[in-house]
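Each remark here refers to the structure printed beneath this line.
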Amino acid sequence: MRTSASHYVVTRPLYSEETFAEDHEKVYRKRKTTLDHIKQYFSCDSKRVKNAALSVLPIIGWMKMYRVKEWLLGDIVSGVSTGLVAILQGLAYSLLASLPAWYGLYAAFFPVIIYFFLGTSRHISVGAFPVLSLMVGAVVTRLVPDKGSPVNITGLEGLTMDEQRAIVSASLTFLVGIFQLAMGVLQVGFIAIYLSDTLVSGFTTAAAVHILISQLKFVLGLTVPGFSGPLAFVYILEGIFSQITSTNLYDLVTSIVVMVVVFVVKELNDRFRSKLPVPIPIEVIMTVIACGVSYAFNFKENHGVDVVGKIPDGFEAPVAPNLHIFQETAVDAFPIAIVGFAVAFAVAKVYSVKHDYVIDGNQELIAFGASNIFGGAFKSLAASTALSRSAVQESTGGKTQIAGALSAIIVLIVTLAIGFLLEPLPKSVLGAVVIVNLKGMLMQVREVPYLWKKDRLDCIVWIVTCVASIFLGLDLGLAVGLGVELLVVVFRTQFPRCSVLANITGTDIYRDRKDYINIYEPEGVKIFKIPAPIFFANIEFFRGKLVDAVGFNPLRILRKRNKALRKMKKLIKKGELTVTSVSSFPIDESEDESIMEDLDQPVDFSDLPVQVNWRSELPANISVPPVTIHSLVLDFSAVSFIDISAIKGLKTALKEFIRVDVEIYIVACDPYIIEKLKSCKFFDDEIKTSIFFLTLHDAILHILQLHPPLTISEKLLRCSR
């Protein structure tokens with residue numbers, strides 16, 4: 001139901017850009033030079049020092065506003081719950097990296113401590129992330145394979161395979177941190193926007209497939225060497241099926257029981273989330289039960305079950321990164337750095353919106369960079385955030401990173417004091433826990449039908465990224481997906497959906513004429529909307545669409561007119577044509593082709609005794625295609641920029657229409673673009689600055705003043721002719 005409040009009436013003058021500028025004076029703003037920006041960047045005062053301190057150490061900001069009575073209990077409960085989950089996931093995800101299990105515990109401690117001081121998110125749980133662990137594992141197995149000799153790297157001589165892999169992982173993590181820290185210092189946190197939700201979804205789904213396949217050997221109790229590179233999953237499956245008859249039934253049954261119980265309880269946690277004070281830590285419970293059963297029945301000795309084994313009491317001594325490994329892994333480290341940051345930033349952004357605080361992408365890069373550098377020095381896995389672990393930290397009442405620090409303390413206690421209790425834990429249990437936690441990533445495949453219906457280009461990005469990541473490996477797959485995504489962006493801007501607009505009757509609103517019934521199109525007027533930036537790659541596309549919209553090629557008509565004019569001048573000079581002559585003289589299409597450039601110039605009537613009206617019947621039955629419009633309006637409301645090549649192409653296109661007596665108007669153009677057109681000498685004797693109007697309706701009203709609509713009698717008279 002409409003009320004009078006849903007209507008408005010505005011009375012104002014009709015504005016072109018020029019008349020608006022005359023009536024409304026603009027504020028003068030001094031443009032800062034490069035030198036001004038440099039001086040400002042290096043200037044220093046107390047306010048800048050304070051802001052810099054708060055930026056580099058976000059802990060200062062939220063510590064000042066910490067509500068002890070309201071938040072502390074929630075942070076303690078959250079810290080304990082998250083710490084228990086972090087221990088289990090750390091052990092499990094280290095298997096993805098082809099490392100001994102305890103290195104996963106390091107990832108749940110060292111990076112968390114640094115992020116506590118430097119991170120801007122108050123809710124994410126920093127530590128091992130399965131996709132990153134798998135990407136690290138691909139590099140580790142490439143440099144230190146299960147079978148055959150490792151790559152010749154200085155500093156790895158005389159070490160066991162596990163020690164060599166730990167050095168490779170630590171150096172790679174250190175390099176990942178360097179990349180992230182450098183990007184943060186250089187303020188390129190915006191790089192995450194190039195990884196769209198669609199691309200990340202397809203990539204993580206493929207990663208889930210790789211993780212699932214990599215855990216099958218633990219679930220089945222088989223010894224299968226690790227593979228990396230294109231078609232790695234095929235070789236892993238080949239190794240698994242070639243040994244399938246050697247499956248350890250104790251591992252298989254244990255895994256199935258753990259997966260079923262964990263899956264059912266996690267579903268109950270989701271269903272009764274609002275009624276449960278904290279989610280049931282079923283993974284921790286099943287891990288404790290599995291450790292007890294394995295110890296009681298001596299699974300390792302009696303049934304050949306592979307267990308976690310000896311966990312060192314305490315942390316290993318820090319090591320310096322291996323520069324030779326830097327050279328071998330630089331290409332691998334960069335995508336790991338990007339993926340780790342992009343996933344963590346996406347999760348942090350969700351919680352920052354939910355809890356109404358701001359996160360800084362550049363500071364997050366610095367925080368994760370420093371965390372991975374520090375963690376890499378202590379042989380930690382590359383750190384990001386796991387979605388399920390962050391959900392535990394937030395849902396159990398965590399308000400700040402104090403919960404994260406407490407989770408690190410829980411990990412510290414386990415590592416230093418009670419790690420021996422986890423030694424009988426079967427690796428098949430860890431594999432089962434990993435597989436169950438893949439549900440969310442694997443179920444992303446349900447997005448494909450939705451994307452296909454809503455946006456097929458996005459669907460193509462998802463499918464190509466997923467398939468490429470599965471078959472080529474995660475690093476190459478990510479590169480392929482990013483390339484396809486950029487091609488889609490180029491395709492959208494190079495071939496946008498142009499439209500011809502019409503007035504919605506009784507309003508000042510203009511929409512695509514194909515979409516509405518009650519529309520009004522002024523006779524002799526075409527309104528063409530350009531819905532994208534104009535640049536070198538799409539200017540010819542726009543010119544072609546413009547010709548299609550108006551229904552004629554202005555350059556072809558201009559050439560026809562000049563040819564007709566030459567023919568009339570020759571006939572008049574020979575005395576074969578007078579103003580009243582009716583003889584038929586067809587135009588020779590091939591005449592004067594050698595001077596085609598002259599035919600593209602404005603029509604010259606200087607040698608004719610009369611002015612030729614191209615809209616009426618021409619003498620001597622000379623035929624020239626008609627121009628069906630007198631005004632062309634270009635809607636630039638969606639044009640955000642225009643480059644030099646496009647300016648030249650636009651100028652040429654407009655002159656072609658002007659030279660066949662079509663008036664040109666450009667509406668809703670950004671003032672920045674108008675200034676750029678002026679600086680590029682776009683305007684001349686043919687193209688005037690007066691063609692710019694403030695709004696589309698202003699331009700249409702101006703056109704109707706110059707070309708009033710025909711009355712019914714005038715229309716009937718025209719039809720009778």
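Listed for the T205 side chain is no donor-acceptor partner under 3.5 Å among the backbone atoms of L442. One N or O on the side chain of N372 and one on the backbone of A383 form a donor-acceptor pair closer than 3.5 Å. A donor-acceptor contact shorter than 3.5 Å links the side chain of N538 to the backbone of T493. Using modelled atom types, no side-chain atom of Q494 and backbone atom of F491 make a donor-acceptor pair closer than 3.5 Å. Of the possible polar contacts, none joining the T329 side chain to the D332 backbone as a donor-acceptor pair under 3.5 Å is found. A donor-acceptor pair under 3.5 Å is absent between the side-chain atoms of D670 and the main chain of F636, judged by distance alone. At least one donor-acceptor pair closer than 3.5 Å links the side chain of E485 to the backbone N or O of S196. With hydrogens and angles ignored, the 3.5 Å screen pairs a side-chain donor or acceptor of Q187 with a backbone N or O of G184. Judged purely by atom type and a 3.5 angstrom limit, K676 uses its side chain to pair as donor or acceptor with the backbone of I642. Without hydrogens or angle criteria, S499 side chain to L501 main chain gives no donor-acceptor distance under 3.5 Å.
Contact record, A92 with V434: CB-CG2, 3.3 Å, taken as the closest heavy-atom pair. Residues I557 and P626 approach most closely at CD1-O, 3.8 Å, considering heavy atoms. For the residue pair Y115 and I124, the shortest heavy atom distance occurs at OH-CD1, 3.4 Å. R513 approaches A502 most closely through the heavy-atom pair CB-CB, 3.8 Å. In terms of heavy-atom proximity, R543 sits nearest to A653 at NE-CB, 3.7 Å. The heavy-atom pair separating V633 from L696 by the smallest distance is CG1-CD1, 3.5 Å.
Between the side chains of Q363 and T120, no donor-acceptor pair is found at a separation under 3.5 Å. There is no side-chain donor-acceptor pair under 3.5 Å between E523 and H630. With hydrogens and angles left out, the side-chain atoms of S645 and D643 include no donor and acceptor closer than 3.5 Å. Side-chain N/O atoms of S121 and E364 include no donor and acceptor closer than 3.5 Å. Inspection of the S98 and T141 side chains reveals no N or O donor paired with an N or O acceptor under 3.5 Å.
At most 12 non-hydrogen atoms from other residues, nucleotides or ligands lie less than 6.0 angstrom from OH of Y235. Within a 6.0 Å sphere centred on CZ of F536, other residues, nucleotides and ligands contribute 12 heavy atoms or fewer. The number of heavy-atom neighbours closer than 6.0 Å to CG of D197, taken from other residues, nucleotides and ligands shown, is 12 or below. Heavy atoms of other residues, nucleotides or ligands lying less than 6.0 angstrom from NZ of K655 number more than 12. The neighbour count for Y520 OH, taken as heavy atoms of other residues, nucleotides or ligands under 6.0 Å away, is above 12.
Rounding to the nearest 0.5 angstrom, the gap separating the CG atom in L365 from the CZ atom in F179 is 13.0 Å. How far OH of Y93 is from CG of L88: 8.5 Å, rounded to the nearest 0.5 Å. Rounding to the nearest 0.5 Å places NZ of K217 at 8.0 Å from CD1 of I240. The line from CD1 of I527 to CG of D512 is 11.5 Å long, rounded to the nearest 0.5 Å. From L634, atom CG reaches atom CD1 of I691 across 8.0 Å, with rounding to the nearest 0.5 Å. The CD1 atom of I336 sits 11.5 Å away from the CD1 atom of I338 when rounded to the nearest 0.5 Å.
Listed by first and then second residue, the side chain to side chain donor-acceptor pair (under 3.5 Å) pairs that reach into residues 465-483 come to none, sequence neighbours excluded.
A heavy-atom distance below 4.5 Å is found between the side chains of P130 and M441. Within the 4.5 Å cutoff, the side chain of W462 has heavy atoms near those of the V448 side chain. Two residues are said to be in side-chain contact when any heavy atoms from C-beta on lie closer than 4.5 Å; N362 and I366 fail this criterion. With a 4.5 Å cut-off on side-chain heavy atoms, R556 and P625 count as touching. Annotation: side chain of F641 is not in contact with side chain of I673 (no heavy-atom distance under 4.5 Å). Between F542 and L650, every side-chain heavy-atom pair lies at or beyond the 4.5 Å cut-off. Between S352 and V358 there is no side-chain heavy-atom pair separated by less than 4.5 Å. Between L96 and I211, the closest side-chain pair of non-hydrogen atoms falls below 4.5 Å.
In summary, D455 and R492 engage in a salt bridge, as defined by a charged side-chain N under 4.0 Å from a carboxylate O. Between E521 and K526 there is no salt bridge, since no side-chain nitrogen of the basic residue lies less than 4.0 Å from a carboxylate oxygen of the acidic one.
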> Given T695 and D698, is the side-chain contact (heavy atoms from CB on, under 4.5 Å) satisfied, shown in steps?
Replying inline: CA-CA 5 Å; T695 70; D698 283 311; 2.8 Å; yes
Derivation of the side-chain hydrogen bond (donor to acceptor under 3.5 Å, both in side chains) call for S390 and T385
CA-CA 7 Å; S390 295; T385 184; 2.6 Å; yes
side-chain contact (heavy atoms from CB on, under 4.5 Å) between S631 and Y665, worked out: CA-CA 8 Å; S631 301; Y665 300 92; 4.1 Å; yes
ask   = side-chain contact (heavy atoms from CB on, under 4.5 Å) between V264 and E267: does it pass, once the steps are laid out?
value = CA-CA 5 Å; V264 171; E267 289 295 310; 5.8 Å; no
Quiz item: Yes or no on side-chain contact (heavy atoms from CB on, under 4.5 Å) for I504 and Y510, after CA distance, side-chain angles and deciding distance?
Solution: CA-CA 6 Å; I504 304 299; Y510 294 80; over 6 Å; no
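Judged as a salt bridge (charged side-chain N to carboxylate O under 4.0 Å, His left out), and not counting sequence neighbours, the contacts of K651 are D684.
A cation-pi arrangement is present between R122 and Y357 under the rule of less than 6.0 angstrom and at most 45 degrees off the ring axis.
Between F368 and F345, the ring centre distance reaches or exceeds 6.0 Å.
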